[in-house]
Amino acid sequence: MSRRRMMISLLFFCLLVIVAISLNTGASRMNPMEVVKTLVGMGTAKQELILFEFRLPRMLIAIFAGAGLALSGCIIQTISRNPLADPGLLGISTGAGVMVVLYLSLFPTGADAPALFLPFLAFIGGALAASLVFALSYERQQGLLPGRIVLTGVAVAAGLSALMTVLSLRLSRELYQFAAVWLTGSIWGATWDYVWALLPWVMGLFLFVSYKARVLDALSFGETIATGLGVAVAKEQLQLLAAAVALAASSVSVSGGIGFVGLIAPHLARRLVGAHHAHVVPASALLGACLLLGADTVGRAVLQPSEIHAGIVVAIVGAPYFLYVLARSAR
């Protein structure tokens with residue numbers, strides 16, 4: 001087994017360890033033996049309720065959303081050739097959030113329709129934001145300008161955040177509280193309906209991005225070289241950017257405004273497994289899942305019975321890492 005495959009296997013094992021820890025973490029304590037008995041159908045009614053209705057859906061949402069945000073960041077960084085690009089900095093997450101808040105102001109949060117349609121509506125919002133950012137960052141002669149992408153994305157995200165604030169002020173007290181929690185990055189869609197709504201987006205697009213690994217390798221060298229290698233650059237960029245928007249938007253629709261996952265995971269993946277996207281793609285997905293599930297687990301464990309939202313825990317780690325990447329890129 002090659003070193004890269006061993007590293008991916010190690011990341012998968014780390015995810016399993018975090019899953020095991022998360023299963024035993026919460027205000028209602030369950031020791032490992034009780035968890036095992038409950039998983040095989042030998043637990044009490046209370047233990048089954050805690051495990052199957054509260055913890056498992058939340059954990060799966062964190063795993064899928066973390067993987068989706070990481071894959072989105074991997075695509076965006078490769079196409080823009082900018083190490084600072086991620087769905088949050090480009091306004092995709094905020095655009096998706098605007099649509100989510102707008103939609104939830106019109107429909108009850110407990111209805112079945114939001115679970116089915118939130119990813120679609122979030123995709124529309126994220127796509128509009130991404131289209132605006134890339135349109136303002138594109139020049140006919142030079143193509144996408146990596147430096148301009150981040151600056152434009154920050155400006156668009158700021159404008160959309162202001163719009164979200166205005167929309168939030170028009171909500172009822174209950175929905176306003178939800179919007180405030182969403183902005184901090186809470187795994188709020190922690191039910192099986194949201195798990196099934198998110199699953200096809202992340203798994204289907206993961207397979208698509210894995211299939212396009214060689215195309216991503218070519219695009220990482222720039223448009224000129226990619227064209228020389230026989231890649232239909234414009235077509236592939238459009239398809240991959242659509243996949244990046246869909247991954248980020250669908251993840252944000254159930255996990256809230258969580259930043260930095262799409263920045264950190266692809267960076268660490270390239271350091272661990274090299275630059276070939278056949279290995280970077282699965283490594284990024286696993287690292288994103290580990291990061292978000294680990295952050296959610298830490299947030300549930302530190303101040304029991306209260307919680308720290310996963311987005312806050314990720315930001316504590318992500319902000320210093322962002323400054324580190326910024327310092328390195330400025331050299």
Side-chain angles (χ1 to χ4, degrees), residues 11-70 100 104 107-119 122 174 177-178 181-182 184-204 206 250-256 258 261 285-286 288-311 313-314:
L11 290 174
F12 182 73
F13 176 75
C14 289
L15 178 59
L16 293 179
V17 171
I18 298 173
V19 167
I21 295 172
S22 186
L23 283 171
N24 294 277
T25 302
S28 298
R29 285 289 185 179
M30 294 178 63
N31 61 51
M33 185 58 64
E34 289 175 336
V35 170
V36 173
K37 288 182 177 180
T38 305
L39 288 174
V40 298
M42 298 175 61
T44 65
K46 180 181 177 181
Q47 290 171 341
E48 290 182 353
L49 177 66
I50 292 172
L51 193 63
F52 292 112
E53 297 301 324
F54 295 114
R55 290 188 186 172
L56 276 178
R58 180 168 178 166
M59 289 168 55
L60 291 172
I61 287 291
I63 290 171
F64 292 139
L69 290 169
V100 170
L104 289 178
F107 294 90
T109 58
D112 292 333
L116 298 175
F117 292 108
L118 276 183
E174 292 77 10
Q177 291 175 346
F178 161 78
V181 170
W182 186 93
T184 62
S186 170
I187 310 295
W188 69 272
T191 67
W192 286 107
D193 286 340
Y194 291 98
V195 172
W196 300 126
L198 181 59
L199 176 62
W201 288 76
V202 175
M203 293 304 298
F206 169 75
S250 59
S251 300
V252 164
S253 69
V254 294
S255 68
I258 294 176
V261 174
L286 288 169
C290 289
L291 182 60
L292 189 51
L293 180 60
D296 185 57
T297 303
V298 170
R300 287 189 285 125
V302 172
L303 296 177
Q304 291 182 9
S306 300
E307 294 184 5
I308 302 175
H309 296 313
V313 179
V314 173

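We number each residue from 1, following the sequence as shown.
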### Query
Do R300 and S22 have side-chain heavy atoms sitting under 4.5 Å apart?
yes

### Task
Heavy atoms only: give me the nearest L23-R55 pair and the separation to one decimal.
O-NH1, 2.7 Å

#### Entry: Member of L286, V313, V261 meeting the side chain to side chain contact (heavy atoms under 4.5 Å, CB included) criterion with L291
V261

### L199 to F64 - nearest heavy-atom pair and separation
CD1-CZ, 3.4 Å

### Message
Tell me if a side-chain donor or acceptor on W192 pairs with a main-chain N or O of F52 at a distance below 3.5 Å.
### Response
yes

### Query
How far does SG of C290 sit from CZ of F13, to the nearest 0.5 angstrom?
11.0 Å

#### Entry: V314: which of D296, L292, V298 passes side chain to side chain contact (heavy atoms under 4.5 Å, CB included)
L292

### Query
Do T25 side-chain atoms and I21 backbone N/O form a donor-acceptor pair below 3.5 Å?
yes

## Note on the structure
In short, S251 meets G68 closest at the heavy-atom pair OG-CA, 3.6 Å

#### Entry: Minimum heavy-atom distance S253-S250, with the two atoms named
OG-O, 2.6 Å

### Task
Measure the OG-CG distance between S255 and L69 for me, rounded to the nearest 0.5 Å.
5.5 Å

### Query
Got V202 and I63 here, is their nearest side-chain heavy-atom distance under 4.5 Å?
no

### Task
Would you indicate whether the side-chain heavy atoms of I61 and V195 approach each other to under 4.5 Å?
yes

### Query
Rounded to the nearest 0.5 Å, how far does CG of L60 lie from CG of L56?
6.0 Å

